[in-house]
Amino acid sequence: MSMVRLTVIEESANGFTLKEINVESEDIRSVEEDKRFLTLLSEGKLEGLNAGHRFSSVFISNKGVRTVVGSPSRILELKQTRGRRLLRG
């Protein structure tokens, strides 16, 4: 099985933290742009990230919806690249 590493944004009472998770590429069911985090970034509420970052809401089987760092096209590219490697293996 092929794995994709995603950087997830988790919200808490103290703000936001980044956490890396690994998921199977076939468990990524849908991806869409998350504009809420673009607004938070422009307001300076996401420390450690620069203005060039993009964000996606990703629906992952058995994990629900997670907000991750990366544009929808980048997330889908990672998913497809990992899937091709699995097929070639």
Side-chain angles (χ1 to χ4, degrees):
M1 297 192 189
S2 68
M3 301 294 283
V4 176
R5 180 174 289 164
L6 301 173
T7 303
V8 176
I9 301 174
E10 294 187 341
E11 193 169 359
S12 68
N14 299 332
F16 300 94
T17 58
L18 300 176
K19 173 181 160 184
E20 286 191 349
I21 62 169
N22 294 304
V23 298
E24 293 180 23
S25 60
E26 51 274 356
D27 285 343
I28 297 173
R29 299 293 181 204
S30 68
V31 182
E32 63 183 48
E33 185 175 28
D34 190 321
K35 294 183 181 194
R36 175 178 167 243
F37 279 86
L38 281 175
T39 302
L40 292 170
L41 181 64
S42 69
E43 293 171 351
K45 295 181 180 177
L46 298 175
E47 294 180 22
L49 299 174
N50 67 44
H53 281 99
R54 296 293 173 254
F55 306 93
S56 299
S57 291
V58 178
F59 179 78
I60 304 168
S61 296
N62 300 321
K63 295 187 185 292
V65 176
R66 299 286 185 99
T67 300
V68 301
V69 178
S71 67
S73 60
R74 178 65 181 140
I75 303 304
L76 291 173
E77 179 183 308
L78 285 171
K79 176 183 173 170
Q80 292 168 353
T81 300
R82 300 300 187 258
R84 281 195 298 253
R85 288 184 184 159
L86 177 64
L87 294 174
R88 290 182 186 162

### Query
What are the two closest heavy atoms between S25 and K79, and how far apart are they?
O-CE, 3.3 Å
### Task
Considering only Ile, Leu, Val, Met, Phe, Trp and Tyr, and joining two whenever side-chain heavy atoms are under 4.5 Å apart, list the other residues clustered with L18.
I9, F16, F37, L38, L40, L41, L46, L49, F55, V69
### Query
What pairs of residues pass the salt bridge (Lys or Arg N to Asp or Glu O under 4.0 Å) test when at least one of them lies in residues 49-68, not counting sequence neighbours?
none
### Query
Hydrophobic clusters join Ile, Leu, Val, Met, Phe, Trp and Tyr when side-chain heavy atoms are under 4.5 Å apart, directly or via other members; which others share one with V65?
F59
### Task
Scan for salt bridge (Lys or Arg N to Asp or Glu O under 4.0 Å) pairs involving residues 36-52, sequence neighbours excluded, and state none if there are none.
E11-R36, E43-K45
### Query
More than 12 heavy atoms of other residues, nucleotides or ligands under 6.0 Å from CG of N22: is that the case?
yes
### Task
Starting at CG of N62, measure out to CZ of R29 and round the result to the nearest 0.5 Å.
9.0 Å
### Query
What is the minimum heavy-atom distance between S57 and T67, and which atoms define it?
OG-OG1, 4.3 Å
### Message
One pair to check against side-chain contact (heavy atoms from CB on, under 4.5 Å): I60 and L6. What are the steps and the verdict?
### Response
CA-CA 11 Å; I60 304 168; L6 301 173; 4.2 Å; yes
### Task
Check whether any side-chain N or O of K19 sits under 3.5 Å from a backbone N or O of E10 as a donor-acceptor pair, and report yes or no.
no
### Task
Find the distance between CE (M3) and CD1 (I21) and round it off to the nearest 0.5 Å.
9.0 Å
### Message
Donor-acceptor pair, distance only, cut-off 3.5 Å: does the side chain of T81 make one with the backbone of L78?
### Response
no
### Message
Please enumerate all residues that pass side-chain hydrogen bond (donor to acceptor under 3.5 Å, both in side chains) together with S56, with sequence neighbours excluded.
### Response
none
### Task
For side-chain contact (heavy atoms from CB on, under 4.5 Å), just list the numbers for V68 and V8, CA-CA rounded to whole Å, side-chain angles, deciding distance to a tenth of an Å, and then say yes or no.
CA-CA 4 Å; V68 301; V8 176; 4.0 Å; yes
### Query
Residues in side-chain hydrogen bond (donor to acceptor under 3.5 Å, both in side chains) with S71, at least two apart?
S73
